[in-house]
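Working notes, structure below.
Computed from a prediction, not measured in an experiment: that's the story for all the values here. Chain identifiers are assigned alphabetically (A, B, ...) following the order of the sequence lines, protein sequences preceding nucleic acid strands; residue numbering begins at 1 within each chain.
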Amino acid sequence: MSIADKSSKLQDTPTGQTLQQLFAEVVFNIPLNKLFHYSVPPDLRELLTPGMRVKAPFGNKVITGFCVGLTTIPSVYKTKDLMGILDAFPLADETMLRITKWLSSYYCCGWGEAIHAVIPPVVRRGAKEKIDIFVTCGKPLTAFEKETILQSKKRAIKQAKVMEFLFNQAQNTEIRAKELMKATGGTMSMLRQLERENLLQLEERQADAVNAQKGGAPVQHLALSEEQQAAFTLIKEKLAEPSQGIILLHGITGSGKTELYLQTIAKLLEQGRKALFLVPEISLTSQSIQRIKERFNNVAVLHSHLQGAFHHAQWKDIKEGRVDVVVGARSSIFAPLKDVGLIILDEEHENTYKQENSPRYNARDIAILRATYENAMVILGTATPSLESYYEAEKGNYTKIVLSKRIGTLQLPQVEIVDMLEEVRKKRGYHVVSQRLEYYMKQALSRREQVILFLNRRGFTPYIHCKRCGFVLKCHRCDIPLTFHKKLNIVLCHYCHAEAIPPESCPDCMANYINYRGFGTEKIEEVIAKKFPGYNILRMDSDSMRSHGSHEKALKAFGEGEFQILLGTQMIAKGLDFPNVTLVGVISADTMLNLPDFRAGERTFQLISQVAGRTGRGQKGGRVIVQSFNPRHYSITYAAAHDYEGFAKKELEYRRPLNYPPFGRMARIIFRGASEKNTEEKASVIAGKLKEIAKESNNQLQILGPSPAPVMKINNLFRWHLLLKAKDHQRIHDALLCVADTLKPTKGVQSLVDVDPYMML
DNA sequence: AGCACGCCGACT
DNA sequence: GTCGGCGTGCTC
Ligand SMILES: [Zn+2]
Ligand SMILES: [Zn+2]
């Protein structure tokens, strides 16, 4: 314990200089937005830089914290000494400290929590650097010399095998010792023995994390279309300006956005700066990731569930400037690149950019923030801009660039909406496949073309109910109907994954009138198999694609024509590019439309547009059939007409009077607890306080609720929520700050604050 | 978040 | 009379 009084404020250094006592500002990974000051002992003084992790006594134990700053003025009289420094270099640079501070303020979490969320776990754990052993043949040998060696090893079969394997490799190529041993059955001691005999060379070094393509010229740029060229010219102009700003690149599917991204990256790299490329999710089948890797040399593809050591090495490579382009999903926005000049968000509207646990940030907003801090350009690319981005562009805050033409002679597919109510009347009863869809499927299949069917619901039937008393079978832990899975013969909760045996009679009234109602992908598969015997159906949903690599394998098989019909959920909605697919059927466009969410219409429009983009990718053209019980809903009709502008105008018209984003801002507080009563109570206490603040604000702030969340119970926890709505975010922020201390968990009820929420369930 | 301190019910 | 429940407050 050092006392910050006059006598100890000065310390003597070995050189005799007298230095003022220095204090470290430290934050911890706890839900507490508070700085703690620690005195820096003389021996640590030279080593400590903000951004490093430190060991500090906290309460009666020693924990790890982050140093976020240094000061000579402590906030308290008594300060404890720092006990150690964990890093030789700061894990977070100045920009990252600024960003995390902003995160903690904006999303209502501790600064320490924000930093914690931004540093990959492997880096925090300080994974030992992965050392690989590489084997090479050494000097070139003639065929005769090789033969002599093999002869001399006649009695050491395994050794001969190793040497033979090496000889069969191309001259001077290296192979990982592990791979070599796996292929030949050799052991490490064997390799060491061969090394001693000078028959091979072993080199121990850190595995390369970067996509280093030694030699082999990168793939050349493609020629740009007239429209692309105009867009590129504009981007280049913006790039040359001192503050480059934000570009909304609105390009329909197939208009060549990726090529523009790539050439812009190339332009930026010429300036010696680095680029960050964000994608909604990293999938091995992604075309754009493949194209980036073949176009540039030092590309790092960040994979969130990557091998620890590899990830650590990759992170270091990025930090130390050996990487030019970082590609990754949401959390890659925090990649420790120095001097980022360009941040690209592909499919900007995707909700995967929003993190659904604390800090609940949106990578799109962080990208814009980071770009202003680092003076970088942001390109938001999409075929269906989020209304937030569209509106910013309309206001002139973003530069909008439109690519309205498909590359080459490709035509947009023709979209036909089928009124399912009409269908019910015509066919007397409900059929999941309409006559129109069946007709076009027959046509396409008879021409040996392929069909994609989309349904955003897995399982066999989503409801199990009693025809006599109306009882609906629900999960005993959640307020959610159970889904019947036929193949596994279980009923499953899609929220908590609880499973049960399908009932044969009503659990409530014992009647034998159990009805399995509705349809999921599993049932559609059965229906289609009956209707189209002799065709191979590939079903892709999280049930059928559970094992590793099955996703890639399945798509490859479909691409090679092994299957004629591909049926699946969300997972087949994006990115697929199969020229032989001439028909896409949307089994139900209503699944999202009926959700209690003000973005339901926007989501429906995006989904139909995205799914429609899976066809018309070849010379044979394409057609889309959209089945709906709301065939005249504007989200569906505008999507069918490929009219984004029309949709956006209509949707904005609906949101404006209600002050929904983009006109207003929102935050949501979710309360959850084991006791229904306590949960409700807590929600109304907080709501009461907020409503008082709202009253003072002259109705600038609105409080909606408290009310039970649309899903009232998940995993035995009851859920209530309330919404804050205001014209500007500051009001919401101030209000949240006022109630912040009452949001701590009490009586087993916790409160979760979600600023700019996406999920409303 | 942990952890200590503190104040009221049901146990030896 | 004590053991332990978890409500409140603090951590440089
Ligand atoms: Zn459940
Ligand atoms: Zn019943």
What is the distance, rounded to the nearest whole Å, between atom CG of A:L22 and atom P of C:dC12?
19 Å
Distance to the ring centre below 6.0 angstrom and angle to the axis at most 45 degrees; does that hold for A:R330 and A:Y353?
no
Are any of A:N60's side-chain N or O atoms less than 4.0 Å away from OP1 or OP2 of B:dA4?
yes
Taking the six-membered ring for Trp and the single ring otherwise, decide whether the centroids of A:Y107 and A:Y361 are under 6.0 Å apart.
no
Rounded distance in Å - CZ (A:F28) to P (B:dC3)
14 Å
Distances under 3.5 Å between nitrogen or oxygen atoms of protein and nucleotides 4-11 of chain C:
from, atom 1, to, atom 2, distance (Å)
C:dT11, O3', A:G59, N, 3.1

Go through the side-chain N and O atoms of A:S389 and A:E348 and say whether any donor and acceptor fall under 3.5 Å apart.
yes
Say whether A:N29 and A:E113, considering side chains only, have a donor N or O and an acceptor N or O under 3.5 Å apart.
no
Do A:S39 and A:D81 meet the criterion of a side-chain donor-acceptor pair at a distance under 3.5 Å?
yes
To the nearest angstrom, the CG-P distance between A:L82 and C:dC12 comes to 12 Å
Atom NZ of A:K55 to atom P of C:dC12: distance rounded to whole Å?
15 Å
Distance check needed: C:dC12 P versus A:L70 CG, whole Å only.
19 Å
Mind checking what makes ring-ring contact (aromatic ring centres under 6.0 Å, His included) contact with A:H37, not counting sequence neighbours?
none
